[in-house]
A.B. asks: 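The following block contains the structure, expressed as structure tokens.
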Amino acid sequence: MMKYVIGGNWKMKRGIQDSIDVAKEMVNELEKYDNIEIFIAPSYTSLRDLAKIFEGTNIKLAAQNMHEKDKGSYTGEISPVWLKDCGCEYVILGHSERRRVYNESSERINEKVLKALEIGLKPVLCVGESAEERNNGQAEEINGTQLEVSLKEVSSEQIQNFVIAYEPVWAINSRALNPVGEIRAATRKEAEEMHNFIRNWLVNQYGDEIGNSIPLQYGGSVDKDNCKKFFTVDNINGGLVGTASIKATDFEPIVGTASELMK
Ligand code: PGA
């Protein structure tokens, strides 16, 4: 059975001292789960502090984004080289908040993906359709195109460093993405269908063995009560968790559920 990968995306929700406090709690709460791959993506300003706290533990450090160049005149951007120097092992790329709020195209995400690989950061590549796209029957087309363009020129060897996260935009507990109306997690069936689609896409592209070995995370309103429903789907190998990752008491039972299912 593939090892579950559970990621916490803290977005712009935890300050410097906050992050230190929560990270220490996470270390204590999560150390017993040595059969799970865990990463946390704090703000850039907390990376150095958290690298020290996570050193020698089972929690890996992730960045929430990066620039596609090593360095240069890019005001307000962050170099992937320095993320690596800060101790990041993973980098989230193509999150819907980047794609939809900051207009990052899949072409741009592809440049970032290739740069991350060059530098030795593992991409957590996010894809997902909006409610409107789903209602128009375009969900597969949108996710397929995001995969195809974002993964252009990624070799069979390189793809083995990835985690792919399916996060339907409408399920993400984000008022930046969903300013009005109800936000709900996907149903088991909705998640399963799209994960099967993504798995088939990867198998078609990279063959059986490699395509089946890449962890697929579901993301979008995952919490301690619904995570088992997702983690027991064949092609769901973990979760990318936003809201329920910023408190250790909410995140621990999610990792615990995955750990139990590994036994
Ligand atoms: P959420 O966020 O768990 O708060 O819905 C998930 C994400 O944006 O990665």
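Order of appearance sets the numbers: ligands from 1, and atoms from 1 within every ligand. No hydrogens, no waters, no symmetry mates; every other heavy atom, side chains included, goes into these values. Bear in mind that the values here come from a model prediction, so they are computed numbers and not experimental data.
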A.B. asks: Looking only at protein heavy atoms, which one is nearest to atom 4 (O) of ligand 1, and how far off is it?
C.D. replies: Thr243 OG1, 2.5 Å
A.B. asks: Regarding Lys122 and the six-membered ring of Tyr90, is the cationic atom NZ or CZ under 6.0 Å from the ring centre and inside 45° of its axis?
C.D. replies: yes
A.B. asks: Check this for me - ligand 1, Gly242, N or O atoms closer than 3.5 angstrom, yes or no?
C.D. replies: yes
A.B. asks: Is any N or O atom of Lys11, backbone or side chain, closer than 3.5 Å to an N or O atom of ligand 1?
C.D. replies: yes
A.B. asks: If you define the side chain from C-beta out and look only at heavy atoms, does anything of Pro215 sit under 4.5 Å from Met2?
C.D. replies: yes
A.B. asks: Can you confirm whether Ser221 sits close enough to Thr243 that some side-chain heavy atom of one is under 4.5 Å from a side-chain heavy atom of the other?
C.D. replies: no
A.B. asks: Just by distance, do the side chain of Ser213 and the backbone of Ile210 share a donor-acceptor pair under 3.5 Å?
C.D. replies: yes
A.B. asks: Under 4.0 Å from a heavy atom of Gly220: which atoms of ligand 1 are those, numbered in the order shown and with their elements?
C.D. replies: 5 (O)
A.B. asks: Show which atoms of ligand 1 fall inside a sub-4.0 Å distance from at least one heavy-atom site of Asn9.
C.D. replies: 9 (O)
A.B. asks: Heavy-atom distances under 4.0 Å are what count here, so tell me which part of Ile172 touches ligand 1: side chain, backbone, both or neither.
C.D. replies: both
A.B. asks: Does Glu104 come within less than 4.0 Å of Arg99, counting only side-chain N to carboxylate O?
C.D. replies: no
A.B. asks: Classify the side-chain pair Ser150/Asn110 by whether it contains a donor and acceptor separated by less than 3.5 Å.
C.D. replies: no
A.B. asks: Could you check Arg100 against Glu97 for salt bridge (charged side-chain N to carboxylate O under 4.0 Å, His left out), going step by step and ending with a plain yes or no?
C.D. replies: CA-CA 5 Å; Arg100 311 262 173 176; Glu97 282 153 15; over 6 Å; no
A.B. asks: For ligand 1, is Gly219 a contact, meaning one of its heavy atoms is under 4.0 Å away?
C.D. replies: no
A.B. asks: Does the residue Ala244 have a heavy-atom contact with ligand 1, meaning some pair of atoms that are separated by less than 4.0 Å?
C.D. replies: no
A.B. asks: Within the 4.0 Å heavy-atom shell around His95, which atoms of ligand 1 are there?
C.D. replies: 7 (C), 8 (O), 9 (O)
A.B. asks: So which heavy atom in the protein is nearest atom 9 (O) of ligand 1, and how far is it from that ligand atom?
C.D. replies: Glu167 OE2, 2.7 Å
